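Just so it is clear, the model here is predicted, and its values are computed rather than measured. As the structure lists them, so they are numbered: ligands from 1, and atoms in each ligand from 1.
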Amino acid sequence: MKRKIVSIIGTGVIGAGWAARFLAKGYVVKAYDPNKESLEKLKKNIQTAFKSLKKLGLNKNASLKNLNVFTNLNDALHETTFVQENAPESERIKKNILKTIDNIIPKKVIIASSSSGLLPSKIQSACKFPERVLIGHPFNPVYLLPLVEIVAGKKTSHTNVKKLKKLYEHIGMRPLIVQKEIEGYISDRLQEALWREALHIINDGVASTEEVDDAIVYGPGLRWAFMGVCLTFHLAGGETGMKHMLEQFGPALKLPWTKLKAPELTNKLKKAMVSGTKKQAGKFNIQELEEQRDLFLIEIMKTLNKNQKEKFPNWGRKYNNFK
Ligand SMILES: NC(=O)c1ccc[n+]([C@@H]2O[C@H](COP(=O)([O-])OP(=O)(O)OC[C@H]3O[C@@H](n4cnc5c(N)ncnc54)[C@H](O)[C@@H]3O)[C@@H](O)[C@H]2O)c1
């Protein structure tokens, strides 16, 4: 049987993650990057990802031989059935590359962009067939984390939203359809709030980068692996749940407990961030840290999967990452 071809456009951190996920699920991947060096790194990154993916179980057709790399866009789009674009986060670059792709491939083929926060209506605006252009925003490492946010632009068709959801489910993901087009979508808005607050805490000399990280890793982060912020706070309210939580902590919403606007990114703050995280990384380089992160994620995901299947069959957060 002929295996499905997907095109991965831009093969940096995120493009490599998508390529690894599709390969692990038995697809043929045609990857394009204008930079030869990125394509060389891609092969190495996919080999690293496969070490983790093997632990989850590969599709019977999965093979690194199904990876084809190109510096010519037309070649990477030949006979494709789906395009995932991962070019740098710039409205100008995305608009141009989407327009070029839209001109090359048949109008039925869906084009998803991995953008972290750009509005799909803007980046689809130069396309002849904008109804097949939308956001599919994943999370790093894409080959392990199930979440992907789908955001439609004004001209995206509902049918294509449904088709994309089905495709992502087929490759073991948990698609979340964002109901209203908004910059930053859902998850990045939440992460961004935490990130800006962390920068303020460091900028104001309240804590080091390591202490800020410990404040999440040993506390809320452990809960967040299982429950989101809303359900967690429902439990914080004791027997009457969220009702009591709101009564007790409602007034605190008026206290100066957060400064959501980002601080000025001064050289002093940049230095504190870079030297702080370098110290935290210690003797480990990025690749070694990524491998450790993957091992932790797999253990946590196995635990979640087991609990969801055995104890919460109707939990509604099921995904099919494990064989
Ligand atoms: N890094 C993350 O954690 C993360 C998470 C989710 C989404 N994203 C989004 O994914 C996209 C890619 O981010 P990344 O972190 O992989 O960036 P990256 O810098 O690692 O990779 C970008 C790649 O795009 C290539 N490129 C440059 N111009 C191009 C063009 N015109 N057409 C195609 N490719 C081109 C570069 O050579 C490079 O290999 C961005 O939109 C980003 O916002 C990133």
Side-chain angles (χ1 to χ4, degrees), residues 6-22 29-46 48-49 67-77 80 82-105 111-124 126-127 133-151 153 164 168 171 173-176 178 182-192 194-195 198 273 277 286-287 289-290 293-294 297:
V6 296
S7 301
I8 301 297
I9 307 303
T11 62
V13 177
I14 294 304
W18 278 116
R21 183 177 273 276
F22 275 108
V29 169
K30 291 190 174 179
Y32 161 81
D33 201 289
N35 183 344
K36 262 193 184 161
E37 241 176 65
S38 285
L39 290 172
E40 278 309 313
K41 273 195 221 149
L42 168 72
K43 291 180 195 158
K44 206 173 128 230
N45 288 339
I46 290 180
T48 308
L67 173 69
N68 307 279
V69 299
F70 303 95
T71 46
N72 178 306
L73 184 61
N74 280 283
D75 291 343
L77 296 173
T80 193
F82 171 64
V83 177
Q84 183 78 41
E85 168 276 310
N86 322 280
E89 185 77 357
S90 139
E91 194 175 308
R92 185 185 53 79
I93 296 178
K94 301 261 189 218
K95 231 167 140 173
N96 279 339
I97 187 83
L98 293 178
K99 181 181 168 193
T100 310
I101 297 168
D102 179 64
N103 273 323
I104 299 173
I105 54 173
I111 309 171
S113 168
S114 294
S115 173
S116 299
L118 297 173
L119 292 177
S121 290
K122 288 202 174 154
I123 60 174
Q124 73 184 179
C127 294
V133 178
L134 64 175
I135 303 290
H137 171 230
F139 292 79
N140 186 37
V142 182
Y143 52 89
L144 291 183
L145 294 187
L147 183 63
V148 57
E149 292 176 312
I150 297 179
V151 195
L164 185 61
Y168 285 151
I171 56 166
M173 300 187 90
R174 165 64 168 97
L176 185 66
V178 180
I182 184 173
E183 284 107 335
Y185 324 137
I186 301 172
S187 198
D188 270 3
R189 291 184 88 88
L190 295 170
Q191 290 195 93
E192 188 68 19
L194 198 61
W195 172 234
M273 296 308 297
T277 45
I286 296 285
Q287 192 186 328
L289 288 172
E290 281 173 349
R293 173 203 62 193
D294 287 4
L297 281 176

Element-labelled atoms of ligand 1 that are located less than 4.0 Å from some non-hydrogen atom of [X]:
X: Asn140; result: 3 (O)
X: Ser38; result: 37 (O), 38 (C), 39 (O)
X: Ser114; result: 7 (C), 8 (N), 9 (C), 10 (O)
X: Gly10; result: 24 (O), 34 (N)
X: Asn35; result: 37 (O)
X: His137; result: 6 (C), 7 (C)
X: Pro88; result: 24 (O), 26 (N), 27 (C), 28 (N), 29 (C), 35 (C)

State, to 0.1 Å, how close [X] and [Y] come at their nearest heavy-atom pair, and which atoms those are.
X: Glu37; Y: Asn35; answer: N-OD1, 3.0 Å
X: Lys94; Y: Ile123; answer: CB-CG2, 3.8 Å
X: Ile14; Y: Pro138; answer: CG2-CG, 3.8 Å
X: Leu118; Y: Ser90; answer: CD1-C, 3.9 Å

Next on the checklist: If the condition is side chain to side chain contact (heavy atoms under 4.5 Å, CB included), which residues does Glu40 pass it with, not counting sequence neighbours?
Outcome noted: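 Partners of Glu40 by the side chain to side chain contact (heavy atoms under 4.5 Å, CB included) criterion, ordered by chain and then number, come out as Lys43.
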Could you identify the single nearest non-hydrogen protein atom to [atom] and state the distance to 0.1 Å?
atom: atom 18 (P) of ligand 1; answer: Gly12 CA, 4.0 Å
atom: atom 11 (C) of ligand 1; answer: Ala87 O, 3.4 Å
atom: atom 1 (N) of ligand 1; answer: Ile14 CG1, 3.8 Å
atom: atom 38 (C) of ligand 1; answer: Asp33 OD2, 3.5 Å
atom: atom 22 (C) of ligand 1; answer: Asn86 O, 3.8 Å
atom: atom 6 (C) of ligand 1; answer: Pro138 O, 3.2 Å
atom: atom 20 (O) of ligand 1; answer: Val13 N, 3.1 Å

Checklist entry - With under 30° as parallel and over 60° as perpendicular, where do the rings of Tyr168 and Phe82 fit, or are they tilted in between? => result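 Tyr168 vs Phe82 ring planes: perpendicular.
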Item to check | Residue from Pro120, Ser113, Cys127 passing side chain to side chain contact (heavy atoms under 4.5 Å, CB included) with Val133 | outcome: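 Testing each of Pro120, Ser113, Cys127 against Val133, the sole residue satisfying side chain to side chain contact (heavy atoms under 4.5 Å, CB included) is Cys127.
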Would you check if [X] and [Y] make a side-chain contact, meaning some heavy-atom pair closer than 4.5 Å?
X: Tyr185; Y: Leu176; value: no
X: Trp18; Y: Val148; value: yes
X: Asn68; Y: Asp75; value: no

Record the part of [X] in heavy-atom contact with ligand 1 below 4.0 Å; permitted values are side chain, backbone, both and neither.
X: Phe139; result: neither
X: Pro34; result: side chain
X: Glu85; result: neither

Next on the checklist: Checking the side chain of Glu149 only, and the main-chain atoms of Ile186 only, is there a donor and an acceptor separated by less than 3.5 Å?
Outcome noted: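 Side chain of Glu149 to backbone of Ile186: a pair is present.
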Item to check | Backbone N/O of Thr11 and side chain of Ser38: donor-acceptor pair under 3.5 Å | outcome: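 Here the side-chain-to-backbone pair does not exist.
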Next on the checklist: Is atom 32 (N) of ligand 1 touching the protein, meaning some protein heavy atom lies under 4.0 Å away?
Outcome noted: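 It does; a protein heavy atom is within 4.0 Å.
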Checklist entry - Does some non-hydrogen atom of the protein lie less than 4.0 angstrom from atom 8 (N) of ligand 1? => result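 So atom 8 (N) of ligand 1 has protein heavy-atom neighbours under 4.0 Å.
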Item to check | Shortest heavy-atom approach to atom 41 (O) of ligand 1 - which of Glu89, Lys36, Gln84, Glu37 | outcome: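 Of the listed residues, Glu89 has the closest heavy atom.
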Checklist entry - Only one of Glu89, His137, Gln84 clears side-chain hydrogen bond (donor to acceptor under 3.5 Å, both in side chains) with Ser114; which? => result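 Testing Ser114 for a side-chain hydrogen bond (donor to acceptor under 3.5 Å, both in side chains) against Glu89, His137, Gln84 leaves exactly one candidate, Gln84.
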Next on the checklist: If I apply the N/O under 3.5 Å rule, does Tyr32 come out as touching ligand 1?
Outcome noted: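 Not met; the criterion fails.
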